[in-house]
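The block underneath contains the structure these notes are about, expressed in C-alpha coordinates.
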Protein chains: 2
Amino acid sequence: MRDSDTPMIRSLPLFHDMADDSFEELVRGAYVQSFPPMVELLVEGDGSDFLYIVVDGTVELVAGWNDSETTMTVLREGSTFILAAVIREAPNLMSARTLEKSKVIMLPAEDVRRVFAKDHAFARAVVRELAFCYRGVIKCVKGLKLRTSLERLANYLLKWQKKLGGDTRFTLTVEKRRLASILGMTPENLSRAIKALRPYGVVITGLNVEITKPDDLKSLAKPTPLIDDPRS
Amino acid sequence: MRDSDTPMIRSLPLFHDMADDSFEELVRGAYVQSFPPMVELLVEGDGSDFLYIVVDGTVELVAGWNDSETTMTVLREGSTFILAAVIREAPNLMSARTLEKSKVIMLPAEDVRRVFAKDHAFARAVVRELAFCYRGVIKCVKGLKLRTSLERLANYLLKWQKKLGGDTRFTLTVEKRRLASILGMTPENLSRAIKALRPYGVVITGLNVEITKPDDLKSLAKPTPLIDDPRS
DNA sequence: TTTTTCGTTTGACATATATCAATGACGAGC
DNA sequence: GCTCGTCATTGATATATGTCAAACGAAAAA
(Lines give C-alpha, C1' and ligand atoms only; values in the text may rest on other atoms or scores of the structure.)
Protein backbone atom coordinates (compact mmCIF):
# COMPACT_ATOMS: atom_id res chain seq x y z
CA MET A 1 0.00 0.00 0.00
CA ARG A 2 1.02 3.60 -0.48
CA ASP A 3 2.28 5.68 2.42
CA SER A 4 -0.35 8.27 1.59
CA ASP A 5 -3.03 5.98 2.96
CA THR A 6 -1.52 5.33 6.35
CA PRO A 7 -2.35 8.63 8.08
CA MET A 8 -6.05 8.08 7.41
CA ILE A 9 -5.93 4.64 8.99
CA ARG A 10 -3.85 5.87 11.86
CA SER A 11 -6.42 8.53 12.65
CA LEU A 12 -9.22 5.99 13.12
CA PRO A 13 -10.08 5.26 16.77
CA LEU A 14 -9.24 1.62 16.24
CA PHE A 15 -5.61 2.36 15.37
CA HIS A 16 -5.02 5.68 16.99
CA ASP A 17 -3.50 4.68 20.31
CA MET A 18 -1.53 1.60 19.39
CA ALA A 19 2.26 1.44 19.51
CA ASP A 20 4.14 2.60 16.43
CA ASP A 21 5.79 -0.73 15.78
CA SER A 22 2.47 -2.55 16.11
CA PHE A 23 0.95 -0.19 13.63
CA GLU A 24 3.91 -0.71 11.32
CA GLU A 25 3.41 -4.44 11.56
CA LEU A 26 -0.25 -4.16 10.68
CA VAL A 27 0.23 -1.81 7.79
CA ARG A 28 3.14 -3.69 6.30
CA GLY A 29 0.99 -6.54 5.06
CA ALA A 30 -2.01 -4.41 4.14
CA TYR A 31 -3.57 -4.15 0.73
CA VAL A 32 -5.35 -1.15 -0.64
CA GLN A 33 -7.81 -1.89 -3.39
CA SER A 34 -10.27 0.09 -5.44
CA PHE A 35 -13.36 -1.75 -6.55
CA PRO A 36 -16.09 -0.86 -9.00
CA PRO A 37 -19.71 -0.79 -7.81
CA MET A 38 -21.48 -4.05 -6.98
CA VAL A 39 -18.40 -6.14 -6.31
CA GLU A 40 -18.78 -8.93 -3.77
CA LEU A 41 -15.96 -8.35 -1.29
CA LEU A 42 -16.79 -11.30 0.89
CA VAL A 43 -19.38 -13.98 1.08
CA GLU A 44 -21.53 -14.98 4.02
CA GLY A 45 -20.29 -18.26 5.43
CA ASP A 46 -16.73 -17.92 4.19
CA GLY A 47 -13.83 -17.57 6.56
CA SER A 48 -12.44 -14.11 7.17
CA ASP A 49 -8.93 -13.66 5.83
CA PHE A 50 -8.90 -9.90 6.19
CA LEU A 51 -10.13 -7.08 8.33
CA TYR A 52 -11.64 -4.45 6.03
CA ILE A 53 -11.63 -0.70 6.34
CA VAL A 54 -13.65 1.54 4.06
CA VAL A 55 -11.48 4.42 2.88
CA ASP A 56 -13.79 5.81 0.26
CA GLY A 57 -17.16 4.97 -1.21
CA THR A 58 -19.89 2.82 0.33
CA VAL A 59 -20.09 -0.86 1.20
CA GLU A 60 -23.21 -2.71 2.21
CA LEU A 61 -23.42 -5.71 4.49
CA VAL A 62 -26.17 -8.11 3.50
CA ALA A 63 -27.46 -11.33 4.97
CA GLY A 64 -29.34 -14.02 3.11
CA TRP A 65 -31.54 -16.96 3.91
CA ASN A 66 -33.78 -19.13 1.82
CA ASP A 67 -33.34 -17.23 -1.44
CA SER A 68 -34.00 -13.83 0.01
CA GLU A 69 -31.61 -11.27 1.38
CA THR A 70 -31.68 -8.18 3.53
CA THR A 71 -29.38 -5.21 3.96
CA MET A 72 -27.99 -5.18 7.47
CA THR A 73 -26.18 -1.87 7.21
CA VAL A 74 -24.41 0.48 4.83
CA LEU A 75 -20.86 1.51 5.69
CA ARG A 76 -18.98 4.64 4.73
CA GLU A 77 -15.52 6.14 5.07
CA GLY A 78 -13.82 5.15 8.29
CA SER A 79 -15.90 2.07 9.04
CA THR A 80 -14.32 -1.30 9.64
CA PHE A 81 -16.09 -4.55 9.05
CA ILE A 82 -16.03 -8.22 10.03
CA LEU A 83 -13.92 -7.39 13.05
CA ALA A 84 -15.84 -9.89 15.19
CA ALA A 85 -15.37 -12.70 12.69
CA VAL A 86 -11.65 -11.99 12.45
CA ILE A 87 -11.23 -12.00 16.21
CA ARG A 88 -13.12 -15.23 16.70
CA GLU A 89 -11.76 -16.87 13.55
CA ALA A 90 -15.34 -17.66 12.66
CA PRO A 91 -17.22 -17.58 9.35
CA ASN A 92 -18.70 -14.28 8.22
CA LEU A 93 -22.32 -13.84 9.15
CA MET A 94 -22.83 -11.36 6.33
CA SER A 95 -21.73 -10.76 2.78
CA ALA A 96 -20.20 -7.44 1.81
CA ARG A 97 -20.46 -5.67 -1.52
CA THR A 98 -19.54 -2.27 -2.82
CA LEU A 99 -22.39 0.02 -3.74
CA GLU A 100 -20.33 2.74 -5.38
CA LYS A 101 -16.80 2.69 -6.64
CA SER A 102 -15.01 2.18 -3.36
CA LYS A 103 -11.55 2.04 -1.91
CA VAL A 104 -10.93 -0.39 0.93
CA ILE A 105 -7.95 -1.41 2.97
CA MET A 106 -7.52 -5.08 3.76
CA LEU A 107 -5.47 -6.10 6.76
CA PRO A 108 -4.58 -9.80 6.85
CA ALA A 109 -6.53 -11.44 9.66
CA GLU A 110 -3.43 -13.22 10.92
CA ASP A 111 -1.65 -9.91 11.41
CA VAL A 112 -4.62 -8.41 13.18
CA ARG A 113 -4.84 -11.32 15.58
CA ARG A 114 -1.11 -11.31 16.24
CA VAL A 115 -0.96 -7.60 16.94
CA PHE A 116 -4.15 -7.85 18.94
CA ALA A 117 -2.50 -10.51 21.10
CA LYS A 118 0.53 -8.41 21.91
CA ASP A 119 -0.57 -4.76 21.82
CA HIS A 120 -2.70 -3.83 24.77
CA ALA A 121 -3.72 -0.43 23.42
CA PHE A 122 -4.95 -2.04 20.24
CA ALA A 123 -6.88 -4.66 22.20
CA ARG A 124 -8.55 -1.91 24.20
CA ALA A 125 -9.47 -0.08 21.01
CA VAL A 126 -10.93 -3.26 19.56
CA VAL A 127 -13.05 -3.61 22.69
CA ARG A 128 -14.39 -0.11 22.36
CA GLU A 129 -15.15 -0.62 18.69
CA LEU A 130 -16.89 -3.94 19.28
CA ALA A 131 -18.88 -2.57 22.19
CA PHE A 132 -19.99 0.24 19.92
CA CYS A 133 -21.04 -2.15 17.16
CA TYR A 134 -22.81 -4.40 19.63
CA ARG A 135 -24.88 -1.55 20.94
CA GLY A 136 -25.71 -0.52 17.40
CA VAL A 137 -27.15 -3.94 16.62
CA ILE A 138 -29.07 -4.03 19.90
CA LYS A 139 -30.72 -0.75 18.90
CA CYS A 140 -31.58 -2.29 15.56
CA VAL A 141 -33.32 -5.23 17.23
CA LYS A 142 -35.26 -2.89 19.48
CA GLY A 143 -36.48 -0.99 16.43
CA LEU A 144 -37.54 -4.16 14.66
CA LYS A 145 -39.37 -5.64 17.63
CA LEU A 146 -40.96 -2.57 19.11
CA ARG A 147 -41.82 -0.41 16.11
CA THR A 148 -43.88 -0.62 12.96
CA SER A 149 -42.20 0.03 9.66
CA LEU A 150 -43.80 3.47 9.49
CA GLU A 151 -42.28 4.37 12.83
CA ARG A 152 -38.90 3.07 11.75
CA LEU A 153 -39.05 5.20 8.62
CA ALA A 154 -40.04 8.29 10.58
CA ASN A 155 -37.13 7.81 12.96
CA TYR A 156 -34.75 7.08 10.13
CA LEU A 157 -35.61 10.40 8.53
CA LEU A 158 -35.18 12.31 11.78
CA LYS A 159 -31.87 10.61 12.46
CA TRP A 160 -30.45 11.52 9.06
CA GLN A 161 -31.79 15.01 9.18
CA LYS A 162 -29.79 15.53 12.35
CA LYS A 163 -26.75 13.71 10.98
CA LEU A 164 -26.69 15.89 7.87
CA GLY A 165 -26.83 19.17 9.74
CA GLY A 166 -30.45 19.53 10.84
CA ASP A 167 -31.64 21.35 7.75
CA THR A 168 -35.28 21.19 6.66
CA ARG A 169 -34.20 19.71 3.35
CA PHE A 170 -31.67 16.95 2.84
CA THR A 171 -30.89 14.07 0.54
CA LEU A 172 -31.13 10.35 1.17
CA THR A 173 -27.78 8.60 0.94
CA VAL A 174 -29.12 5.28 -0.32
CA GLU A 175 -31.61 4.41 -3.00
CA LYS A 176 -35.09 3.62 -1.87
CA ARG A 177 -35.19 -0.10 -2.38
CA ARG A 178 -32.08 -0.39 -0.24
CA LEU A 179 -33.61 1.87 2.36
CA ALA A 180 -36.62 -0.43 2.38
CA SER A 181 -34.36 -3.39 3.02
CA ILE A 182 -32.48 -1.58 5.78
CA LEU A 183 -35.77 -0.80 7.49
CA GLY A 184 -37.00 -4.36 7.06
CA MET A 185 -39.80 -3.73 4.59
CA THR A 186 -40.54 -4.10 0.87
CA PRO A 187 -40.03 -1.27 -1.62
CA GLU A 188 -43.78 -1.15 -2.21
CA ASN A 189 -44.44 -0.80 1.46
CA LEU A 190 -41.84 1.96 1.74
CA SER A 191 -43.56 3.83 -1.06
CA ARG A 192 -46.81 3.71 0.86
CA ALA A 193 -45.15 4.60 4.12
CA ILE A 194 -43.69 7.71 2.50
CA LYS A 195 -47.15 8.72 1.40
CA ALA A 196 -48.47 8.02 4.87
CA LEU A 197 -45.96 10.50 6.31
CA ARG A 198 -47.29 13.33 4.18
CA PRO A 199 -49.81 14.45 6.84
CA TYR A 200 -46.82 14.73 9.16
CA GLY A 201 -45.07 17.21 6.91
CA VAL A 202 -42.79 14.86 5.02
CA VAL A 203 -42.34 15.33 1.29
CA ILE A 204 -39.96 13.05 -0.55
CA THR A 205 -39.29 13.52 -4.23
CA GLY A 206 -36.63 11.26 -5.61
CA LEU A 207 -33.92 11.27 -2.99
CA ASN A 208 -34.80 14.74 -1.71
CA VAL A 209 -36.48 14.93 1.66
CA GLU A 210 -38.27 17.91 3.14
CA ILE A 211 -39.57 17.93 6.68
CA THR A 212 -41.94 20.85 7.15
CA LYS A 213 -43.53 19.89 10.48
CA PRO A 214 -40.74 18.36 12.56
CA ASP A 215 -42.79 18.43 15.74
CA ASP A 216 -45.63 16.49 14.16
CA LEU A 217 -43.19 13.98 12.78
CA LYS A 218 -41.50 13.62 16.15
CA SER A 219 -44.83 13.04 17.85
CA LEU A 220 -45.31 10.08 15.54
CA ALA A 221 -41.72 8.83 15.65
CA LYS A 222 -41.16 9.24 19.39
CA PRO A 223 -37.39 9.03 18.99
CA THR A 224 -35.29 7.99 21.95
CA PRO A 225 -31.51 8.02 22.27
CA LEU A 226 -31.72 4.43 23.50
CA ILE A 227 -32.69 3.39 19.97
CA ASP A 228 -31.93 6.29 17.68
CA ASP A 229 -28.72 7.87 18.85
CA PRO A 230 -25.93 6.17 16.90
CA ARG A 231 -23.24 7.29 19.31
CA SER A 232 -23.51 6.54 23.05
CA MET B 1 -18.30 -11.86 48.85
CA ARG B 2 -17.50 -15.33 50.02
CA ASP B 3 -14.42 -17.18 48.82
CA SER B 4 -16.62 -20.08 47.79
CA ASP B 5 -17.93 -18.05 44.86
CA THR B 6 -14.59 -17.06 43.35
CA PRO B 7 -13.67 -20.38 41.66
CA MET B 8 -16.88 -20.28 39.62
CA ILE B 9 -16.10 -16.77 38.39
CA ARG B 10 -12.50 -17.63 37.74
CA SER B 11 -13.56 -20.53 35.54
CA LEU B 12 -15.55 -18.29 33.19
CA PRO B 13 -13.79 -17.51 29.89
CA LEU B 14 -13.93 -13.82 30.70
CA PHE B 15 -11.80 -14.20 33.82
CA HIS B 16 -9.90 -17.37 33.17
CA ASP B 17 -6.66 -16.05 31.71
CA MET B 18 -6.19 -12.83 33.61
CA ALA B 19 -3.38 -12.24 36.08
CA ASP B 20 -3.96 -13.33 39.67
CA ASP B 21 -3.54 -9.87 41.11
CA SER B 22 -5.95 -8.40 38.55
CA PHE B 23 -8.49 -11.03 39.45
CA GLU B 24 -7.94 -10.30 43.12
CA GLU B 25 -8.53 -6.62 42.45
CA LEU B 26 -11.78 -7.34 40.63
CA VAL B 27 -13.13 -9.75 43.18
CA ARG B 28 -12.21 -7.63 46.17
CA GLY B 29 -14.94 -5.10 45.52
CA ALA B 30 -17.51 -7.57 44.26
CA TYR B 31 -20.94 -8.13 45.71
CA VAL B 32 -22.82 -11.38 45.64
CA GLN B 33 -26.56 -11.04 45.98
CA SER B 34 -29.53 -13.32 45.87
CA PHE B 35 -32.75 -11.89 44.54
CA PRO B 36 -36.30 -13.20 44.53
CA PRO B 37 -38.12 -13.59 41.20
CA MET B 38 -39.18 -10.52 39.25
CA VAL B 39 -36.75 -8.07 40.76
CA GLU B 40 -35.59 -5.24 38.53
CA LEU B 41 -31.78 -5.39 38.66
CA LEU B 42 -31.24 -2.46 36.37
CA VAL B 43 -33.27 -0.07 34.35
CA GLU B 44 -32.96 0.82 30.68
CA GLY B 45 -31.45 4.26 30.35
CA ASP B 46 -29.66 4.25 33.68
CA GLY B 47 -25.89 4.32 33.93
CA SER B 48 -24.12 1.07 34.55
CA ASP B 49 -22.44 0.93 37.92
CA PHE B 50 -21.75 -2.80 37.84
CA LEU B 51 -20.89 -5.62 35.54
CA TYR B 52 -23.25 -8.49 36.35
CA ILE B 53 -22.63 -12.22 36.29
CA VAL B 54 -25.41 -14.75 36.68
CA VAL B 55 -24.31 -17.40 39.14
CA ASP B 56 -27.62 -19.15 39.56
CA GLY B 57 -31.17 -18.74 38.30
CA THR B 58 -32.35 -16.83 35.24
CA VAL B 59 -32.29 -13.17 34.33
CA GLU B 60 -34.09 -11.62 31.39
CA LEU B 61 -33.01 -8.57 29.48
CA VAL B 62 -35.94 -6.52 28.23
CA ALA B 63 -36.25 -3.40 26.15
CA GLY B 64 -39.15 -1.02 26.11
CA TRP B 65 -40.54 1.71 23.92
CA ASN B 66 -43.82 3.55 23.85
CA ASP B 67 -45.49 1.57 26.64
CA SER B 68 -44.63 -1.83 25.27
CA GLU B 69 -41.69 -4.07 25.98
CA THR B 70 -39.95 -7.05 24.49
CA THR B 71 -37.66 -9.72 25.84
CA MET B 72 -34.27 -9.46 24.21
CA THR B 73 -32.77 -12.56 25.76
CA VAL B 74 -32.84 -14.81 28.80
CA LEU B 75 -29.57 -15.42 30.62
CA ARG B 76 -28.50 -18.36 32.73
CA GLU B 77 -25.58 -19.46 34.89
CA GLY B 78 -22.27 -18.18 33.61
CA SER B 79 -23.61 -15.30 31.53
CA THR B 80 -22.42 -11.77 32.00
CA PHE B 81 -24.46 -8.75 31.12
CA ILE B 82 -24.14 -5.07 30.27
CA LEU B 83 -20.46 -5.52 29.52
CA ALA B 84 -20.68 -3.16 26.53
CA ALA B 85 -22.35 -0.43 28.57
CA VAL B 86 -19.71 -0.74 31.31
CA ILE B 87 -16.87 -0.53 28.83
CA ARG B 88 -18.26 2.50 27.05
CA GLU B 89 -19.59 4.14 30.21
CA ALA B 90 -22.88 4.50 28.43
CA PRO B 91 -26.48 4.08 29.58
CA ASN B 92 -27.98 0.60 29.54
CA LEU B 93 -29.94 -0.19 26.43
CA MET B 94 -31.95 -2.83 28.28
CA SER B 95 -33.48 -3.45 31.66
CA ALA B 96 -32.67 -6.63 33.54
CA ARG B 97 -34.91 -8.55 35.88
CA THR B 98 -34.76 -11.87 37.61
CA LEU B 99 -37.22 -14.50 36.44
CA GLU B 100 -36.54 -17.04 39.16
CA LYS B 101 -34.81 -16.68 42.48
CA SER B 102 -31.32 -15.83 41.25
CA LYS B 103 -27.85 -15.26 42.52
CA VAL B 104 -25.75 -12.67 40.75
CA ILE B 105 -22.30 -11.23 41.21
CA MET B 106 -21.86 -7.52 40.77
CA LEU B 107 -18.44 -6.15 39.89
CA PRO B 108 -18.12 -2.39 40.30
CA ALA B 109 -17.81 -0.85 36.83
CA GLU B 110 -14.91 1.32 37.94
CA ASP B 111 -12.92 -1.75 38.92
CA VAL B 112 -13.73 -3.50 35.67
CA ARG B 113 -12.56 -0.53 33.63
CA ARG B 114 -9.42 -0.10 35.67
CA VAL B 115 -8.42 -3.75 35.41
CA PHE B 116 -9.40 -3.74 31.77
CA ALA B 117 -7.02 -0.84 31.19
CA LYS B 118 -4.04 -2.55 32.74
CA ASP B 119 -4.52 -6.30 32.21
CA HIS B 120 -3.98 -7.34 28.63
CA ALA B 121 -5.27 -10.88 29.07
CA PHE B 122 -8.50 -9.55 30.51
CA ALA B 123 -8.86 -7.07 27.66
CA ARG B 124 -8.43 -9.90 25.18
CA ALA B 125 -11.05 -11.96 26.96
CA VAL B 126 -13.44 -9.02 26.91
CA VAL B 127 -12.92 -8.76 23.17
CA ARG B 128 -13.74 -12.41 22.66
CA GLU B 129 -16.83 -12.13 24.82
CA LEU B 130 -18.05 -8.99 23.06
CA ALA B 131 -17.39 -10.45 19.63
CA PHE B 132 -19.42 -13.47 20.67
CA CYS B 133 -22.32 -11.32 21.89
CA TYR B 134 -22.18 -9.17 18.78
CA ARG B 135 -22.49 -12.18 16.55
CA GLY B 136 -25.39 -13.43 18.64
CA VAL B 137 -27.33 -10.23 18.10
CA ILE B 138 -26.54 -10.21 14.38
CA LYS B 139 -28.06 -13.69 14.14
CA CYS B 140 -31.10 -12.40 15.95
CA VAL B 141 -31.56 -9.58 13.43
CA LYS B 142 -31.20 -12.02 10.57
CA GLY B 143 -33.95 -14.17 12.04
CA LEU B 144 -36.26 -11.20 12.51
CA LYS B 145 -35.74 -9.79 9.04
CA LEU B 146 -35.56 -12.96 6.99
CA ARG B 147 -37.99 -15.33 8.69
CA THR B 148 -41.65 -15.47 9.60
CA SER B 149 -42.60 -16.06 13.20
CA LEU B 150 -43.50 -19.65 12.37
CA GLU B 151 -40.03 -20.26 10.99
CA ARG B 152 -38.45 -18.64 14.02
CA LEU B 153 -40.45 -20.90 16.30
CA ALA B 154 -39.50 -24.01 14.32
CA ASN B 155 -35.83 -23.11 14.51
CA TYR B 156 -36.09 -22.26 18.18
CA LEU B 157 -37.44 -25.72 18.91
CA LEU B 158 -34.74 -27.43 16.88
CA LYS B 159 -32.05 -25.35 18.55
CA TRP B 160 -33.21 -26.24 22.05
CA GLN B 161 -33.72 -29.86 21.19
CA LYS B 162 -30.06 -30.03 20.23
CA LYS B 163 -28.98 -27.94 23.21
CA LEU B 164 -30.80 -30.23 25.63
CA GLY B 165 -29.29 -33.41 24.29
CA GLY B 166 -31.15 -34.13 21.06
CA ASP B 167 -33.92 -36.19 22.60
CA THR B 168 -37.33 -36.45 20.93
CA ARG B 169 -38.92 -35.00 24.05
CA PHE B 170 -37.72 -32.02 26.02
CA THR B 171 -39.01 -29.18 28.13
CA LEU B 172 -39.17 -25.49 27.36
CA THR B 173 -37.08 -23.40 29.71
CA VAL B 174 -39.26 -20.30 29.60
CA GLU B 175 -42.98 -19.83 29.86
CA LYS B 176 -44.83 -19.37 26.63
CA ARG B 177 -45.64 -15.71 26.79
CA ARG B 178 -41.97 -14.98 27.32
CA LEU B 179 -41.07 -17.28 24.46
CA ALA B 180 -43.50 -15.33 22.31
CA SER B 181 -41.74 -12.12 23.25
CA ILE B 182 -38.30 -13.59 22.56
CA LEU B 183 -39.46 -14.65 19.12
CA GLY B 184 -41.04 -11.27 18.46
CA MET B 185 -44.68 -12.28 18.43
CA THR B 186 -47.77 -12.16 20.65
CA PRO B 187 -48.78 -15.04 22.94
CA GLU B 188 -51.91 -15.57 20.84
CA ASN B 189 -49.86 -15.82 17.70
CA LEU B 190 -47.50 -18.27 19.37
CA SER B 191 -50.43 -20.43 20.34
CA ARG B 192 -51.52 -20.60 16.73
CA ALA B 193 -48.01 -21.14 15.48
CA ILE B 194 -47.69 -24.14 17.77
CA LYS B 195 -50.86 -25.56 16.28
CA ALA B 196 -49.55 -24.86 12.80
CA LEU B 197 -46.48 -26.99 13.55
CA ARG B 198 -48.60 -30.04 14.32
CA PRO B 199 -48.49 -31.31 10.70
CA TYR B 200 -44.72 -31.18 11.03
CA GLY B 201 -44.71 -33.55 13.97
CA VAL B 202 -44.60 -31.04 16.82
CA VAL B 203 -46.73 -31.62 19.88
CA ILE B 204 -46.48 -29.18 22.75
CA THR B 205 -48.44 -29.74 25.94
CA GLY B 206 -47.68 -27.28 28.67
CA LEU B 207 -43.92 -26.87 28.56
CA ASN B 208 -43.32 -30.35 27.16
CA VAL B 209 -42.26 -30.59 23.56
CA GLU B 210 -42.25 -33.67 21.39
CA ILE B 211 -40.79 -33.68 17.90
CA THR B 212 -41.88 -36.80 16.07
CA LYS B 213 -40.89 -35.88 12.51
CA PRO B 214 -37.61 -33.98 12.82
CA ASP B 215 -36.94 -34.13 9.08
CA ASP B 216 -40.29 -32.59 8.24
CA LEU B 217 -39.71 -29.88 10.82
CA LYS B 218 -36.24 -29.20 9.45
CA SER B 219 -37.56 -28.91 5.92
CA LEU B 220 -39.79 -26.13 7.18
CA ALA B 221 -37.25 -24.50 9.48
CA LYS B 222 -34.26 -24.70 7.13
CA PRO B 223 -31.81 -24.11 9.97
CA THR B 224 -28.38 -22.71 9.17
CA PRO B 225 -25.41 -22.34 11.51
CA LEU B 226 -25.13 -18.74 10.30
CA ILE B 227 -28.32 -17.97 12.20
CA ASP B 228 -29.02 -20.85 14.52
CA ASP B 229 -25.71 -22.04 15.89
CA PRO B 230 -25.17 -20.12 19.13
CA ARG B 231 -21.45 -20.84 19.24
CA SER B 232 -19.21 -19.98 16.28
C1' DT C 1 -61.29 -28.48 49.25
C1' DT C 2 -62.59 -24.19 47.41
C1' DT C 3 -61.44 -19.97 45.57
C1' DT C 4 -58.59 -17.01 43.20
C1' DT C 5 -55.29 -15.72 40.08
C1' DC C 6 -52.74 -15.87 36.12
C1' DG C 7 -51.24 -17.79 31.97
C1' DT C 8 -53.00 -20.06 27.83
C1' DT C 9 -56.11 -20.90 24.22
C1' DT C 10 -59.80 -19.82 21.03
C1' DG C 11 -62.70 -17.09 17.98
C1' DA C 12 -63.80 -12.92 15.58
C1' DC C 13 -61.99 -9.19 13.73
C1' DA C 14 -58.65 -5.35 12.52
C1' DT C 15 -54.35 -3.92 10.88
C1' DA C 16 -49.81 -4.41 8.92
C1' DT C 17 -47.20 -6.07 5.52
C1' DA C 18 -46.11 -8.85 1.40
C1' DT C 19 -47.02 -10.24 -3.30
C1' DC C 20 -48.20 -9.77 -8.02
C1' DA C 21 -49.05 -7.22 -12.02
C1' DA C 22 -49.10 -3.08 -14.42
C1' DT C 23 -47.73 1.48 -15.16
C1' DG C 24 -44.85 5.42 -14.84
C1' DA C 25 -40.45 7.96 -14.34
C1' DC C 26 -35.76 8.47 -14.97
C1' DG C 27 -31.06 7.88 -16.50
C1' DA C 28 -27.47 5.27 -19.43
C1' DG C 29 -26.02 4.19 -23.64
C1' DC C 30 -26.75 4.44 -28.65
C1' DG D 1 -33.22 12.71 -29.49
C1' DC D 2 -34.47 7.84 -28.98
C1' DT D 3 -34.52 3.23 -26.73
C1' DC D 4 -33.80 0.28 -23.27
C1' DG D 5 -33.43 -1.12 -18.69
C1' DT D 6 -33.98 -0.31 -13.96
C1' DC D 7 -36.20 1.49 -10.18
C1' DA D 8 -40.36 3.66 -8.12
C1' DT D 9 -45.16 3.82 -7.78
C1' DT D 10 -49.96 2.27 -7.77
C1' DG D 11 -53.83 -0.86 -7.36
C1' DA D 12 -55.71 -5.26 -6.25
C1' DT D 13 -55.28 -8.94 -3.46
C1' DA D 14 -53.30 -12.36 -0.22
C1' DT D 15 -51.03 -13.43 3.92
C1' DA D 16 -49.14 -12.55 8.39
C1' DT D 17 -49.69 -10.72 12.59
C1' DG D 18 -51.93 -8.03 16.23
C1' DT D 19 -56.00 -6.86 19.17
C1' DC D 20 -59.89 -7.68 21.93
C1' DA D 21 -62.92 -10.45 24.51
C1' DA D 22 -64.18 -14.61 26.36
C1' DA D 23 -63.48 -19.22 27.94
C1' DC D 24 -60.47 -22.50 29.79
C1' DG D 25 -57.13 -24.69 32.79
C1' DA D 26 -53.58 -25.25 36.03
C1' DA D 27 -51.18 -23.65 40.03
C1' DA D 28 -51.26 -20.86 44.27
C1' DA D 29 -53.72 -19.06 48.19
C1' DA D 30 -57.35 -19.37 51.49
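So that the names make sense, note that chain A is the first sequence line, chain B the second, and so on, each numbered from 1.
Within residues 146-154 of chain B, no residue places a heavy atom under 4.0 Å from DNA chain C.
Around the OH atom of B:Y52, the shell of radius 6.0 Å holds more than 12 heavy atoms that belong to other residues, nucleotides or ligands.
Applying side chain to side chain contact (heavy atoms under 4.5 Å, CB included) to B:F81 and the options B:I53, B:L51, B:L42 leaves one that passes, B:L42. If you run salt bridge (Lys or Arg N to Asp or Glu O under 4.0 Å) between A:D228 and each of A:K162, A:R147, A:K222, only A:R147 comes through.
End-to-end axis angle of the helix from C:dT1-D:dA30 to C:dC30-D:dG1, using five pairs per end and rounding to 10°, comes to 40°.
A nucleotide of DNA chain D counts as in contact with chain B when one of its atoms lies under 4.0 Å from a heavy atom; the first and last such, 5' to 3', are D:dT17 to D:dC20. Where DNA chain C meets chain A (any atom under 4.0 Å from a heavy atom), the bounding nucleotides read 5' to 3' are C:dT17 to C:dC20.
With 3.5 Å as the limit, one finds no donor-acceptor pair spanning the side chains of A:S232 and B:R88. No side-chain donor from either of A:T168 and A:E210 sits under 3.5 Å from a side-chain acceptor of the other. Neither side chain, B:R177 nor B:T186, offers a donor N or O lying under 3.5 Å from an acceptor on the other. A:E60 and A:T73 form no side-chain donor-acceptor contact under 3.5 Å, judged by distance and modelled atom types alone.
Applying the salt bridge (charged side-chain N to carboxylate O under 4.0 Å, His left out) rule to B:E89 yields the partners B:R113; only residues at least two apart in sequence or on another chain are considered. Scored by the salt bridge (charged side-chain N to carboxylate O under 4.0 Å, His left out) test, A:D56 finds no partners at all (sequence neighbours excluded).
Here A:E188 lies in heavy-atom contact (under 4.0 Å) with a base.
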B:R97/B:E69 under salt bridge (charged side-chain N to carboxylate O under 4.0 Å, His left out): CA gap, chis, key distance, verdict: CA-CA 13 Å; B:R97 78 167 70 100; B:E69 69 170 43; 3.1 Å; yes

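Listed for the B:S181 side chain is a donor-acceptor partner under 3.5 Å among the backbone atoms of B:T71.
Ring geometry for B:F50 against B:Y31 counts as perpendicular: the plane angle is over 60°, on a 0 to 90° scale with 30° as the lower cut.
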